[in-house]
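Down below is the structure, laid out as structure tokens.
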Amino acid sequence: KARTTASSFEVPNVTLDDIGGYGDVRKELLRALALLNEPERIPKKFRSELLPKGFIFYGPPGTGKTLFAKAVATAMNATILVVSGPEVTDMYVGESERKVREIFAEARRNAPSIIVFDEIDSIASRRSGREDGGSRAGNAIVAQLLTEMDGFRPEVQVLIIGTTNRLDIIDEALLRPSRFRAVAIGLPDRDARREIAAVHARHFQVTVRDAVLDRMALVTRDMNGDEIRSIFRDARVDQLLTSPDGDVGPDRLGTVVGRLRQGRHQRDLNR
Ligand code: ATP
């Protein structure tokens, strides 16, 4: 069982420019940011109702949910704490609630701030989470979370972001419009894959012609952002090991894609 440990909020190092694709998600977050960053645009009497309090980013693994949370924090000039859901639920009865209370208190002290609950389904699933206490114990954590959120004061900026692969099992109480807004972050489409490839080509300083990016967008069909990143990363490693003075060319990228696909195939066979 995990012990309660001190939580430290950090200054994020991701910006929206580090994220490829997902124009609609970006647009929605920019709208929220316009309010969060300039609450004085909202008449006082509406402020607590109109300011966003939380988002749930849902979709398959490796698509940039945590990345988006960090980029929002940067755009808000906020500190951020990423908490793993299972870590909170895997505590003795009563301790989880205390932990949630502590995290929120710390968030208020570090405001503007964002709390990310990774795998929030483990905390807030309908059947709910905690194996020892069953649903009652699980609901006590949800209740604590909602109490904290409902008590937000607009002048202390704290935003909650949950991530999950399973929106379908999230407690509806959280999905009420006044609480969390659900934002889908699915697998990237072809244009998104092209943009993600461009982001990581830039990051790993791989020079790619437009035609190569087009090709990458095609051959990465059904891959997520994390896998696309790993192509550029692995190609860079290969190059450093085999021809330190050379460059990462299209051939090398192709080889890595082939290897990645082969690896996936093996995993599927072993399943
Ligand atoms: P999980 O559900 O497994 O936590 P996630 O959706 O939170 O996954 P992230 O941790 O945000 O995924 O992404 C993992 C890594 O993959 C990122 O650090 C980034 O390098 C890369 N990545 C994923 N999506 C994108 C994207 N849209 N643009 C650029 N890089 C991406």
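In listed order, ligands and their atoms are each counted from 1.
Of the polar atoms of Gly64, at least one N or O is found under 3.5 Å from an N or O of ligand 1, judged by distance alone. Backbone and side-chain nitrogen or oxygen atoms of Gly20 are examined, and one is located within less than 3.5 angstrom of a nitrogen or oxygen of ligand 1. The N/O atoms of Asp118, backbone and side chain alike, include none that comes under 3.5 Å of an N/O atom in ligand 1.
Ranking protein heavy atoms by distance to atom 30 (N) of ligand 1, first place goes to His200 NE2, 2.9 Å. Atom 20 (O) of ligand 1 has Arg229 CD, 2.8 Å as its closest protein atom, hydrogens excluded (heavy atom only). Protein heavy atom nearest atom 7 (O) of ligand 1, with residue, atom name and distance: Thr66 OG1, 2.6 Å. Atom 31 (C) of ligand 1 has its closest protein heavy atom at Leu67 CD2, 3.5 Å.
Those atoms of ligand 1 that come under 4.0 Å of a heavy atom in Gly225, given as number and element, are 16 (O), 21 (C), 22 (N), 23 (C), 24 (N), 25 (C). If you number the atoms of ligand 1 from 1 as listed, the ones under 4.0 Å from a heavy atom of Asp226 come out as 14 (C), 15 (C), 16 (O), 21 (C), 22 (N), 23 (C). Those atoms of ligand 1 with a heavy atom of Thr63 less than 4.0 angstrom away are 5 (P), 6 (O), 12 (O), 23 (C), 24 (N), 27 (N). Per-residue contacts place Ile196 under 4.0 angstrom from the following atoms of ligand 1 (heavy atoms of the residue considered): 26 (C), 27 (N), 28 (N), 29 (C). The Tyr22 neighbourhood of ligand 1 comprises atoms 27 (N), with distances under 4.0 Å to a heavy atom of that residue. The contact set between ligand 1 and Asn165, taken as ligand atoms under 4.0 Å from a residue heavy atom, comprises 2 (O).
Side-chain contact between Ile161 and Phe68 is absent, with no heavy atoms from C-beta onward closer than 4.5 Å. The shortest distance between side-chain heavy atoms of Thr220 and Ile196 does not fall below 4.5 Å. Put simply, the side chain of Glu40 reaches to within 4.5 Å of the side chain of Arg47, judged on heavy atoms. For the pair Arg98 and Met91, the minimum side-chain heavy-atom distance is 4.5 Å or more.
Within the 4.0 Å heavy-atom criterion, both parts of Lys65, backbone and side chain, lie near ligand 1. The residue Glu195 has no part lying near ligand 1, judged by heavy-atom distances below 4.0 Å.
Checked by atom type and distance alone, the side chain of Arg179 never pairs as donor or acceptor with a backbone atom of Leu146 at under 3.5 Å. At distances below 3.5 Å, not a single donor-acceptor pair connects side-chain atoms of Asp90 with backbone N or O atoms of Pro86. Looking at Thr63, its side chain never comes within 3.5 Å of a backbone N or O of Leu187 through a donor-acceptor pair.
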Query raised in the report: Is there a side-chain hydrogen bond (donor to acceptor under 3.5 Å, both in side chains) between Gln262 and Arg259 once you walk through the steps?
Result: CA-CA 5 Å; Gln262 184 64 31; Arg259 210 161 59 203; over 6 Å; no

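Heavy-atom separations between Lys70 and ligand 1 are all 4.0 Å or longer. Contact between Gly62 and ligand 1 is present, with at least one heavy atom of the residue lying under 4.0 Å from the ligand. For the pair Asp18 and ligand 1, a heavy-atom separation below 4.0 Å is found.
Of the residues Arg194, Arg193, Arg190, Arg209, the one that meets the salt bridge (Lys or Arg N to Asp or Glu O under 4.0 Å) test with Asp214 is Arg194.
Atom CD of Glu28 is separated from atom CG of Leu33 by 11.0 Å, given to the nearest 0.5 angstrom.
For the pair Ala182 and Tyr58, the tightest heavy-atom approach, listed with the atom from each and the gap, is CB-CE2, 3.8 Å.
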